[in-house]
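Okay, so here's the structure we're looking at.
Sequence positions, counted from 1, serve as the residue numbers for this chain. What you see below is based on every heavy atom in this structure, not just the backbone, and it leaves out hydrogens, waters and symmetry mates.
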Amino acid sequence: MSNGKLSFVVWMGIVWVLCEGVRPEISCADQKSRANARDEKRENEAVKEARQDLDKAKDRLKDEEKQLRAARADLQKAEQERKQAASALQKLREQMEEKYEQEIGLQAARQNLKQLTTERDRVVGPITQAIRQRETGLSAGLKQAEEKLSRATTLDERKGAAKQIAEYQAQFRQLEAAAIEADPRAKELSRKVTLQEQQVQTANQKLDRIIERDNQLKAAEQKFEASRKAEDAAEQGVSKASRDVAQAQAGVDRAEKQLAQKVAQDRKDKNRK
């Protein structure tokens, strides 16, 4: 073999050795590059998913806020309908009372009772006043008991003072009743007042029975009751919608926090180039 050929062979051998030595380094760098790309893709996907979760949470919050606004509008409408039903019921009841009071004589009975009571008080007043002035011991005891009640700080003290007041007042009523019984005019007026009170009570009961049977009033009462229940349901709807909004807001807060963590982790990752 000539010197030229030998030199060529030697040179080729050197090139082959150099190539074989560099190839592992190239292969290792390529593998590391691909690994970094995979890590970067995985981290980007995590951030992307976190952003999607945040968008979903915000969309849910918007829906829940919309539901809350609708629930509040329903409540406002229900409140207005309940007020209107109550007003209509009250007006109808007053009209019916005025109508039937005249028919059954309740107005006249009330007016008569008022006049008799005024007359009785005019006659009985001086009698009871004289007893109060005469019974100085009872009056003083009643006054002390009333003062004790006003200063009481415990339940037992209040009960004790109230019991004493009731006892003194009962004694006064007994004395006044005896004095009225002894006075013919006062006795007769008291009797008439008692009878007239019974008449008024009977007329009121009759009026209640008439009104209860009236179909128009029943319908108004049913409408009012339905409106009241609707208002209660609307209030519950607002409460539920408010809770749903709070939960949705909490979901948004969690999603924002998670996204921030993913973004921070992605930026700090040492494998990224």
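- Residues Val193 and Ile180 do not share a hydrophobic cluster, clusters being chains of Ile/Leu/Val/Met/Phe/Trp/Tyr side chains in contact below 4.5 Å.
- We find the CD-CD distance between Glu49 and Gln258 to be 9.0 Å, quoted to the nearest 0.5 Å.
- To the nearest 0.5 Å, the span separating OG1 on Thr154 from CD on Glu157 amounts to 3.5 Å.
- Taken from CD1 in Ile211 to NZ in Lys99, the straight-line distance is 11.0 Å, to the nearest 0.5 Å.
- Side chain of Ser150 to backbone of Glu147: a donor-acceptor contact under 3.5 angstrom is found.
- Paired with Asn112 under the rule side-chain hydrogen bond (donor to acceptor under 3.5 Å, both in side chains), one option of Gln199, Lys192, Gln196, Gln107 passes, and it is Gln196.
- Using a 4.0 Å cut-off between charged side-chain N and carboxylate O, Arg110 and Glu101 make a salt bridge.
- Under the 4.0 Å criterion applied to side-chain N and carboxylate O atoms, Glu64 and Lys240 are not assigned as salt-bridge partners.
- For Arg158, the CZ atom counts as densely surrounded, since its 6.0 Å shell holds more than 12 non-hydrogen atoms of other residues, nucleotides or ligands.
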Go through the steps to decide whether Tyr100 and Asp214 satisfy the test side-chain contact (heavy atoms from CB on, under 4.5 Å), and finish with yes or no. CA-CA 11 Å; Tyr100 291 120; Asp214 188 89; 3.8 Å; yes

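- Considering only heavy atoms from C-beta on, Asp183 comes within 4.5 Å of Ile127 through its side chain.
- Within 6.0 Å of CD on Gln76 lie no more than 12 heavy atoms contributed by other residues, nucleotides or ligands.
- A heavy-atom distance below 4.5 Å is found between the side chains of Arg209 and Lys206.
- Rounding to the nearest 0.5 angstrom, the gap separating the OG atom in Ser242 from the CZ atom in Arg72 is 5.5 Å.
- When atom types are taken as modelled, the side chain of Ser87 and the backbone of Gln84 share no donor-acceptor pair closer than 3.5 angstrom.
- Interatomic distance, Glu167 CD to Leu138 CG, rounded to the nearest 0.5 Å: 11.5 Å.
- For the pair Glu94 and Lys91, the salt-bridge criterion is not met [side-chain N within less than 4.0 Å of a carboxylate O].
- One side chain, Asp253 or Gln249, offers a donor N or O that lies under 3.5 Å from an acceptor on the other.
- Atom CD of Gln205 has more than 12 heavy atoms from other residues, nucleotides or ligands within 6.0 Å.
- Not one N or O on the side chain of Ser190 forms a donor-acceptor pair closer than 3.5 Å with the backbone of Lys187.
- Annotation: cation-pi pair Arg132/Phe172 present, NZ/CZ under 6.0 Å from the ring centroid and within 45° of its normal.
- Rounding to the nearest 0.5 Å gives a distance of 6.5 Å between CG of Leu175 and CZ of Arg134.
- By the 4.0 Å N-to-carboxylate-O rule, Arg228 lies too far from Glu231 to be salt-bridged with it.
- A salt bridge links Arg93 with Glu221: at least one charged nitrogen is closer than 4.0 Å to a carboxylate oxygen.
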